[in-house]
**Q** 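Take a look at the following structure, please.
Note that this is a predicted model, so its numbers are computed, not measured. Lettering follows sequence order; numbering is per chain, from 1.
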There are 2 protein chains.
Amino acid sequence: MDSGEESGGDDGGPSRRLRKRIMKPPPSPEPEKEMKKNSGTKKVKKGQPMMEAREEDGEFACDMEGCNMSFDSKQELIVHKRNVCPVKGCGKKFFSHKYLVQHRRVHMDDRPLQCPWKGCKMTFKWAWARTEHIRVHTGARPYVCTEDGCGQTFRFVSDFSRHKRKTGHSVKK
Amino acid sequence: MDSGEESGGDDGGPSRRLRKRIMKPPPSPEPEKEMKKNSGTKKVKKGQPMMEAREEDGEFACDMEGCNMSFDSKQELIVHKRNVCPVKGCGKKFFSHKYLVQHRRVHMDDRPLQCPWKGCKMTFKWAWARTEHIRVHTGARPYVCTEDGCGQTFRFVSDFSRHKRKTGHSVKK
DNA sequence: CTTTCTCTGTTTTGTC
DNA sequence: GGACAAAACAGAGAAA
DNA sequence: CTTTCTCTGTTTTGTC
DNA sequence: GGACAAAACAGAGAAA
Ligand SMILES: [Zn+2]
Ligand SMILES: [Zn+2]
Ligand SMILES: [Zn+2]
Ligand SMILES: [Zn+2]
Ligand SMILES: [Zn+2]
Ligand SMILES: [Zn+2]
Ligand SMILES: [Zn+2]
Ligand SMILES: [Zn+2]
Ligand SMILES: [Zn+2]
Ligand SMILES: [Zn+2]
Ligand SMILES: [Zn+2]
Ligand SMILES: [Zn+2]
Ligand SMILES: [Zn+2]
Ligand SMILES: [Zn+2]
Ligand SMILES: [Zn+2]
Ligand SMILES: [Zn+2]
């Protein structure tokens, strides 16, 4: 036999089970009992910009405004200037050169933002994801449909957007 | 109070817990005891091609070879001809116009391929994912490093590729 | 189908 | 040699 | 860090 | 009016 991983079965060996495939955005919030305890409305620091652009130490530098990236080959630079992500299997094309640089965090393991709620280990790459996540703790439903006779509320902007799209409520006139 | 979702706490109401965010490729295989039971090496049917390209009923038709797609606006057609996926938030650019059409399955909910293993509910969008998944059941490790004195085996081509890349084994001469 | 919720490319807002 | 489609590869990347 | 395993854009293979 | 960055939106889409 060829020693399959999950062979086992009858013996007492470490017969592995087929694992579930899961993709959770890191440490999901623990089941919270208390709500709206954390009243600490942390002041957002207004320091210098978020320092996103790292230089690479290549010979071919991008000369586009505000971009200080450089690459090892001319071809890489051309792709970069076309606002196409160079990561294999990605290849997304963007409208903005600035965003191309921000997009790189999608391919990095860092999740620098944390949920401020005590005991919650949730982390994020995007500030907006954190902003909306916090509402899960507070219970806030900040989106209110102003259409006459509707008055529905929503916790997430996406759900409010869908409501407007499907019902035609609150469309600008 | 504003009726937060997971308010509850002390009362007996349906106080919801914060849910985990999970992304599993559908019905993961049940813990399998038996191994290599399914000897049924299903013959692959060689019928007509996989019939991927669906026409849309737009006015602007793509005239590229073998492509029968059409669109509602000229701008959509231009994007299509540039091999860029039109799905919002995707925007990937591809080398091949043929693949652009196949890529659309990424955005569809259908998972037309199934694991042939009895009792396994795993489904797939891509044939290769199915092919490699089956080895989890059979225990097969079909990749063997031929470098002198190495002889390591691998179940997944990706792991074999990495082995070659990191060790320099089996590099073509 | 539904609701809940996260991710992210683009749009809008706010400040200088 | 050329289509053309199916198979396979080679990463990326999630989870444990 | 590791191993296991799935997803998918591109490359290779096989058939006509 | 113009930068420019932060915030917000508007989908896509996963999970239950
Ligand atoms: Zn640049
Ligand atoms: Zn990318
Ligand atoms: Zn939290
Ligand atoms: Zn409404
Ligand atoms: Zn076409
Ligand atoms: Zn796409
Ligand atoms: Zn299976
Ligand atoms: Zn080797
Ligand atoms: Zn704003
Ligand atoms: Zn030939
Ligand atoms: Zn990896
Ligand atoms: Zn990782
Ligand atoms: Zn082949
Ligand atoms: Zn002004
Ligand atoms: Zn959706
Ligand atoms: Zn879905």
**Q** Which base sits across from F:dA14 as a Watson-Crick or G-U pair, both distances under 3.5 Å?
**A** C:dT4
**Q** With both distances under 3.5 Å as the test, what is the Watson-Crick or G-U wobble partner of F:dG2?
**A** C:dC16
**Q** Can a cation-pi geometry be assigned to A:R111 and A:W126, taking NZ or CZ under 6.0 Å from the six-membered ring centre and within 45° of the ring axis?
**A** no
**Q** Rounded off to whole Å, could you give me the CD1-to-P distance for the B:I134 and E:dT6 pair?
**A** 10 Å
**Q** So, under a plain 3.5 Å distance rule, would you say the side chain of A:S158 forms a donor-acceptor pair with the base of F:dA12?
**A** yes
**Q** Between A:K93 (side chain only) and A:C85 (backbone N and O only), is there a donor and an acceptor less than 3.5 Å apart?
**A** no
**Q** Just checking B:Y99 against B:F94, ring centres under 6.0 Å apart?
**A** yes
**Q** Partner of C:dT11 by Watson-Crick or G-U wobble geometry, both contacts under 3.5 Å, or none?
**A** F:dA7
**Q** Where the side chain of A:K125 meets the backbone of A:V106, is there a donor-acceptor pair that is under 3.5 Å apart?
**A** yes
**Q** Counting just side-chain N and O atoms, does B:K125 come under 4.0 Å of either OP1 or OP2 of E:dT6?
**A** no
**Q** If you measure from the P atom in E:dG9 to the same atom in C:dG9, how many Å do you get, rounded?
**A** 14 Å
**Q** Mind calculating the distance between CG (B:D159) and P (D:dG13) to the nearest angstrom?
**A** 16 Å
**Q** Is A:F156 touching bases, backbone alone, or none of the nucleic acid, heavy atoms closer than 4.0 Å?
**A** base
**Q** In whole Å, what is the span from the NZ atom of B:K98 to the C1' atom of D:dA3?
**A** 9 Å
**Q** What's the closest nucleotide to the side chain of B:F94 if the choices are E:dT10, C:dT10, F:dA12?
**A** E:dT10
**Q** Between A:W126 and C:dT8, is there a side-chain N or O to OP1/OP2 distance below 4.0 Å?
**A** yes
**Q** What is the distance, rounded to the nearest whole Å, between atom CZ of B:R104 and atom P of E:dG9?
**A** 14 Å
**Q** Would you classify A:Y143 as touching base, sugar-phosphate or nothing, given that sugar-phosphate means primed atoms plus P, OP1 and OP2, and contacts are heavy atoms under 4.0 Å?
**A** sugar-phosphate
**Q** Respond yes when some side-chain nitrogen or oxygen of B:R155 is under 4.0 Å from OP1 or OP2 of E:dT4, and no when none is.
**A** no
**Q** Taking atom P in both C:dC7 and D:dG13, compute the distance separating them and give it to the nearest angstrom.
**A** 15 Å
**Q** Treating B:R130 as the side-chain partner and B:F124 as the backbone partner, does any N or O pair qualify as donor plus acceptor under 3.5 Å?
**A** no
**Q** Measure from NZ on A:K88 to C1' on E:dT11 and round the result to the nearest Å.
**A** 9 Å
**Q** Does A:H107 put a side-chain nitrogen or oxygen below 4.0 Å from OP1 or OP2 of D:dG13?
**A** yes
**Q** Can you identify which nucleotide, out of C:dT6, C:dT8, D:dA8, has its nearest atom closest to the B:W128 side chain?
**A** D:dA8
**Q** B:Q152 has an atom CD; how far is it from atom P of E:dT2, in whole Å?
**A** 13 Å
**Q** Which part of the nucleic acid, if any, lies within contact of B:F160, taking any heavy atom under 4.0 Å across all strands shown: a base, the sugar-phosphate backbone alone, or nothing?
**A** nothing
**Q** Below 4.0 angstrom from OP1 or OP2 of E:dT2, is there any side-chain N or O of B:R162?
**A** no
**Q** Less than 6.0 Å separating the ring centroids of B:F154 and B:F160?
**A** yes
**Q** With a 4.0 Å cutoff (strictly under), does any side-chain N or O of B:K92 reach OP1 or OP2 of E:dG9?
**A** yes
**Q** Taking only N and O in the side chain of A:H103, is any of them less than 4.0 Å away from OP1 or OP2 of C:dT8?
**A** no
**Q** Nearest whole angstrom, please: distance from the P of C:dT3 to the CZ of A:F154.
**A** 9 Å
**Q** Mind checking what makes salt bridge (charged side-chain N to carboxylate O under 4.0 Å, His left out) contact with B:R165, not counting sequence neighbours?
**A** none
**Q** Rounded to whole angstrom, note down the P distance from C:dT12 over to D:dG11.
**A** 41 Å
**Q** Quickly work out the B:R135 CZ to E:dT4 P distance and round it to whole Å.
**A** 14 Å
**Q** Do the side-chain N or O atoms of B:K164 get closer than 4.0 angstrom to the phosphate oxygens (OP1, OP2) of D:dA10?
**A** yes
**Q** Does a side-chain N or O from A:R165 land closer than 4.0 Å to OP1 or OP2 of F:dG11, or not?
**A** yes
**Q** Distance check: side-chain N/O of A:Y99 vs OP1/OP2 of C:dT11, anything under 4.0 Å?
**A** no
